[in-house]
Amino acid sequence: MTFGAGHLSCASEFASALQYLEDRLSLVTFLVGHGLTIADFAVWEALHANKQWYDMLARNTAPVNVSRYFKFLSDQEPFTSALKVVPKPQPQGNKKSETTVKKDEGKFVDLPGAEIGKVVVRFST
């Protein structure tokens with residue numbers, strides 16, 4: 001995690017950090033053990049947030065193993081679901097949202113004998 005937040009995120013150390021990562025990933029799929037760990041999240045995030053990395057990918061000059069690793073992790077569910085932006089539901093047509101607060105609108109007249117907090121029903125014909 002320190003590697004992702006430190007060396008890999010530092011512009012002046014990026015090239016050497018990328019070469020170190022390339023060497024480390026030459027024979028493995030994950031950084032620690034045989035499965036996805038927080039270390040993979042940290043390194044992926046550091047690459048994902050790095051403009052230099054995307055420039056290398058665009059120019060097709062990114063190291064092979066790091067590129068494979070990044071693409072593999074980007075296709076994994078924890079990464080793809082974290083990147084999805086869920087739009088806020090919008091009210092459609094005349095339907096009112098459940099969170100809409102009804103405003104007191106309309107004509108109000110004095111109701112003789114009415115008490116606050118008691119239900120008063122009026123009918124007009």
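Because the structure is predicted, anything quoted here is derived from the model rather than measured. Scope of the values below: all heavy atoms of this structure, side chains included, with no hydrogens, waters or symmetry mates.
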Requested in this report: Only one of Met56, Glu22, Gln19 passes side chain to side chain contact (heavy atoms under 4.5 Å, CB included) with Val66; say which it is.
Outcome: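 The side chain to side chain contact (heavy atoms under 4.5 Å, CB included) with Val66 is passed solely by Glu22 among Met56, Glu22, Gln19.
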
Does [X] reach the side chain of [Y], with side-chain heavy atoms less than 4.5 Å apart?
X     : Y     : value
Phe3  : Leu21 : yes
Phe41 : Leu73 : no
Leu47 : Asn50 : no

**Report entry** salt bridge (Lys or Arg N to Asp or Glu O under 4.0 Å) against Asp23, all qualifying residues, sequence neighbours excluded
**Finding:**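 Once residues adjacent in sequence are excluded, Asp23 has no partner under the salt bridge (Lys or Arg N to Asp or Glu O under 4.0 Å) criterion.
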
Query raised in the report: With sequence neighbours left out, what residues match Ser16 under side chain to side chain contact (heavy atoms under 4.5 Å, CB included)?
Result: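 Ser16 satisfies side chain to side chain contact (heavy atoms under 4.5 Å, CB included) with Glu13 only.
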
**Report entry** Any residue meeting side chain to side chain contact (heavy atoms under 4.5 Å, CB included) with Ala46, in chain and number order, not counting sequence neighbours
**Finding:**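 So Ala46 forms a side chain to side chain contact (heavy atoms under 4.5 Å, CB included) with Leu8, Ser9.
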
**Report entry** Aromatic centroids of Tyr69 and Phe30 separated by under 6.0 Å
**Finding:**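 When the ring centroids of Phe30 and Tyr69 are compared, they turn out to be at least 6.0 Å apart.
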
Query - Exam field: side chain Asp40 to backbone Leu31, donor-acceptor pair closer than 3.5 Å - result: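 Indeed, once roles are kept as given, a pair shorter than 3.5 Å links the two residues.
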
Query raised in the report: Does any N or O in the side chain of Gln76 come within less than 3.5 Å of the main-chain N or O of Phe72, such that one atom is a donor and the other an acceptor?
Result: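 Checked: pair present.
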
Query raised in the report: What residues form a side chain to side chain donor-acceptor pair (under 3.5 Å) with Thr29, not counting sequence neighbours?
Result: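 With sequence neighbours excluded, Thr29 shows a side chain to side chain donor-acceptor pair (under 3.5 Å) to no residue whatsoever.
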
Requested in this report: With sequence neighbours excluded, tell me which residues meet side chain to side chain donor-acceptor pair (under 3.5 Å) with Tyr54.
Outcome: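 Scan of Tyr54 (side chain to side chain donor-acceptor pair (under 3.5 Å), adjacent residues dropped) gives His48.
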
Query raised in the report: So which pairs with a foot in residues 24-39 pass salt bridge (Lys or Arg N to Asp or Glu O under 4.0 Å), sequence neighbours left out?
Result: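 Not a single pair qualifies under salt bridge (Lys or Arg N to Asp or Glu O under 4.0 Å).
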
Query raised in the report: Does any pair with a residue in residues 52-68 pass salt bridge (Lys or Arg N to Asp or Glu O under 4.0 Å), and if so which ones, sequence neighbours excluded?
Result: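 Residue pairs passing salt bridge (Lys or Arg N to Asp or Glu O under 4.0 Å), neighbours aside: Lys51-Asp55.
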
Query - ring pair (Phe, Tyr, Trp, His ring centres under 6.0 Å) against Phe14, all qualifying residues, sequence neighbours excluded - result: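 Listed in chain order: nothing, the list is empty.
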
